[in-house]
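What follows is a set of notes on a single structure, which appears directly below.
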Number of protein chains: 4
Amino acid sequence: MRRKTEPTRKATFIEEHRRRQLIDTAIETIANEGLHQASLSAIAGRAGVTKGVISYYFKSKHELVERVMADILADIRGFISERVAGSPTPSLKLKNYVSAFFDYAMVNRDRYAAFVELWTVIAWGSNKNPFGSVSYVQCRNYIDTILREGQKKGDFPQLDLNQLSTLIQGMVDGVIIQWLLDPELVNIDVCKKKVLETLDIYLSLSGACLK
Amino acid sequence: MRRKTEPTRKATFIEEHRRRQLIDTAIETIANEGLHQASLSAIAGRAGVTKGVISYYFKSKHELVERVMADILADIRGFISERVAGSPTPSLKLKNYVSAFFDYAMVNRDRYAAFVELWTVIAWGSNKNPFGSVSYVQCRNYIDTILREGQKKGDFPQLDLNQLSTLIQGMVDGVIIQWLLDPELVNIDVCKKKVLETLDIYLSLSGACLK
Amino acid sequence: MRRKTEPTRKATFIEEHRRRQLIDTAIETIANEGLHQASLSAIAGRAGVTKGVISYYFKSKHELVERVMADILADIRGFISERVAGSPTPSLKLKNYVSAFFDYAMVNRDRYAAFVELWTVIAWGSNKNPFGSVSYVQCRNYIDTILREGQKKGDFPQLDLNQLSTLIQGMVDGVIIQWLLDPELVNIDVCKKKVLETLDIYLSLSGACLK
Amino acid sequence: MRRKTEPTRKATFIEEHRRRQLIDTAIETIANEGLHQASLSAIAGRAGVTKGVISYYFKSKHELVERVMADILADIRGFISERVAGSPTPSLKLKNYVSAFFDYAMVNRDRYAAFVELWTVIAWGSNKNPFGSVSYVQCRNYIDTILREGQKKGDFPQLDLNQLSTLIQGMVDGVIIQWLLDPELVNIDVCKKKVLETLDIYLSLSGACLK
DNA sequence: GATGAATGAGCATTCATTCAT
DNA sequence: CATGAATGAATGCTCATTCAT
């Protein structure tokens, strides 16, 4: 946080760079040592700076964690949006959404692990559940939008959309979490394939079954 | 606390009663305030006693948490086993396993929430993942056993079992977690029904799709 | 401490017996586990009773320790007095005093170790040095009395008594403490013999040297 | 505290200064209030800082006490070595060793008192006797070396060296401890003189008596 | 008499936070 | 900008003490 000197463009640039570095280090620390061990000194130590630096750039630990959360969320969102946006049909969009989720987790294991660590701390500070629910709501809405688009276009004629997004998001997360906890026993590639196949079934289904 | 003299019936009863109460209060605290906030004084405060009482009945906080975990695990396991054991066919067993999971979470919201809080804090103490993975492994093994039994009997002729248990467990947990975070938006009953339908599809499928 | 019932002879007898047992166990605990570890529960555990019993017989831990100290002191005093009293000449009295000190320590290692542990805790409670100094003063006075008696009788004609008791007591304790800390390396028998020889030298000396 | 970056001269200076101050205050506290009362807050209070400062400079209380012990030991050793090293003959070396011990105690009353407090608490932590015995062994070995050197040179022709070091060290400590407990009644100067005279007697003795 | 139960003060320790330099 | 220094609240834990039964 700038204090008394007037902000120049350069300073802001350096500042932003430092903030990025600290956020990244925080993520790294949370992912590798767990949220519980991720004290300010642990993060600072990993970043090669002193604790004071973190306090200088973030007014509290709470704020740092908020930024970490926001950063990861934006990252995931960007990654997925890009993949989905380039897809021609709702059906492909949905499959790419799911696909992208798995790919993101596989490529950014640390970030995803930190993400899971963080949102499970349901009540951070005083207000309940400041992150967890929000992000899930966004995810489901995202899926719902795709699904509704598909239904409007007539691609998924008789599909019952109610809570379907919860189901899809649940499959993705439920599998990825198991993989995070147990990368040796859980074959994430096979799981991803199977989730996509399930999706195929849903989408190709006559309304009879999954109504 | 008790020492080496043989316990009288009354003393043991009171002692066990207190232990139960404290474990329950700990679960309540973890579920509602998060593991991080669940300090000994927070738990003691909720229980209406001083924190010394907790130290009196449990030799460390670690032990209390271990008991909480063991208690919930045994509870879930018992609940599900009973439901599965009474099922005549592998197919029903599987559906009842899933069904029971949902029912347990719905009836024991706090316990399930505490459970999720606990195993997500992957690194409790020094060694990584003392609880989390273990329980997932057990869940998947449980499902695998049912699936293999069904295949041996010829019920699921061409089903590819590889990682299927991960998928099933993932669906269940992924959905329940969303419901825990957002009970208003997530309709757990509808979700449960849809998961069971998906299961039906899996089991009735010719090997063509979900091989 | 008796409370409301009138004290009967029998009760007093039992009470005294219990007190003895608890004091002995306290000594045992202090000697074997160190004063620091000798908590009320440690002592109670060793005695096979609950903490409450100790509180019943001693109004505080402070009092228990005081009794322990007094008990050991009385014991040592009795042991030594008996040996000294039976000696015909001041010279033999002195040698028997020293001799008895060594013998007491060798026969009652626990008691002596507890004694050393205790008086080193110089400031127990608020008032400084309630035990340590007192006992040393008594020891020196005891020696001084013997020495003066001998001088009066003409046995040690030109001996300078000033601080001699401190020296004698110092030799005895200084050696015994080393033996307590290191029974393998310190040969207490040889040391005792050498201390007695030194005493002989003192007593047979013309005033020229040790004036 | 310092991390891994190379320390600047100033920082190290201030840091070392504080460490010294805290060690000195710890010694003062142990000497005057006893080890048992020397809690971190007691030490911090005496030093005029909050107890957090101690944790900042020493990673645990155990470490602080270890430093205190090492510091005193090194101090005593240095003081005595210097005095002994400058002595031409074994006989003078021995007398200067004893002399230096008294002088050190007299000039550094607190340090010596803390030293006695510390090594008498035989069981610090779990393992028995981490300091006490070690230092006595070193003292005796030191004396033994001087004695053997003298005997080799022919200065102490028929002296029996067995356990003599224990006796000499015992006299010194035994007297000093009494003086620490009772500085008014114990005249340390007279005692020192008498111990040195005893030494003289030992060394000048024909083998007849103290063989 | 004795016990189990409960308390509360005190302990060492961790850690986010503040601040002068 | 960054650091080292210091703080103080909170945590888990121990333990002497009290008390109803």
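In what follows, every chain begins at residue 1, and chains take the letters A, B, ... in the order their sequences are listed.
The interatomic distance linking A:I54 (CD1) with E:dT18 (P) rounds to 14 Å, in whole Å. Straight-line distance from the CG atom of A:L64 to the C1' atom of E:dC15: 14 Å, rounded to whole Å. The distance between atom CZ of A:F58 and atom P of F:dC1, rounded to the nearest whole Å, is 14 Å. Put simply, CZ on D:F13 is 17 Å from P on E:dT21, counting in whole angstrom units. To the nearest angstrom, P of F:dA5 lies 12 Å from CG of D:L22. Following rounding to the nearest Å, B:I14 (CD1) and F:dC19 (P) show an atom-to-atom distance of 20 Å. We find that CD of D:Q21 is positioned 13 Å from P of F:dA5, with the value rounded to whole Å.
A sub-4.0 Å separation between OP1 or OP2 of E:dA6 and a side-chain N or O of B:Y57 is present. OP1 or OP2 of F:dA5 has at least one side-chain nitrogen or oxygen of D:Y56 nearer than 4.0 Å.
Each of F:dC1, E:dA2, E:dT17 was ranked by its minimum atom distance to the side chain of C:R18; first place goes to E:dA2. Checking F:dG8, F:dC13, E:dA5 against the side-chain heavy atoms of B:E15 singles out E:dA5 as nearest. Closest to the A:V53 side chain, of the nucleotides E:dT17, F:dT3, E:dA5, is F:dT3.
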Please tabulate the protein-to-nucleotide N/O contacts below 3.5 Å involving nucleotides 9-11 of chain E, giving atom names and distances.
residue	atom	partner	partner atom	Å
E:dC11	OP1	D:S39	OG	3.4

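Nearest-nucleotide positions on DNA chain E for A:S60 and B:T50 put B:T50 closer to the 5' end.
The shortest side-chain heavy-atom distance between C:V68 and C:F115 does not fall under the 4.5 Å cut-off. Using a 4.5 Å heavy-atom threshold, the side chains of D:R67 and D:L22 count as separate. Between A:R46 and A:E33, the closest side-chain pair of non-hydrogen atoms falls below 4.5 Å. The side-chain heavy atoms of A:L64 and A:Y57, taken from C-beta on, include no pair separated by under 4.5 Å. Using a 4.5 Å heavy-atom cutoff, the side chains of C:F58 and C:R19 are in contact.
Checking each of C:E16, C:E15, C:Q21 against C:R18 for a side chain to side chain donor-acceptor pair (under 3.5 Å) leaves exactly one that passes, namely C:Q21.
Pairs of Watson-Crick or G-U wobble type, with distances under 3.5 Å, assemble into runs of 3 or more in DNA chain F at these ranges: E:2-21 with F:2-21.
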Could you walk me through whether D:T29 and D:L35 pass the side-chain contact (heavy atoms from CB on, under 4.5 Å) test, one step at a time? CA-CA 8 Å; D:T29 313; D:L35 181 56; over 6 Å; no
Verify side-chain contact (heavy atoms from CB on, under 4.5 Å) between B:I27 and B:D71, making sure each step is shown before the conclusion. CA-CA 10 Å; B:I27 291 171; B:D71 187 78; 4.3 Å; yes
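With rounding to the nearest 0.5 Å, the separation of CD1 in D:I54 from NZ in D:K59 is 15.5 Å.
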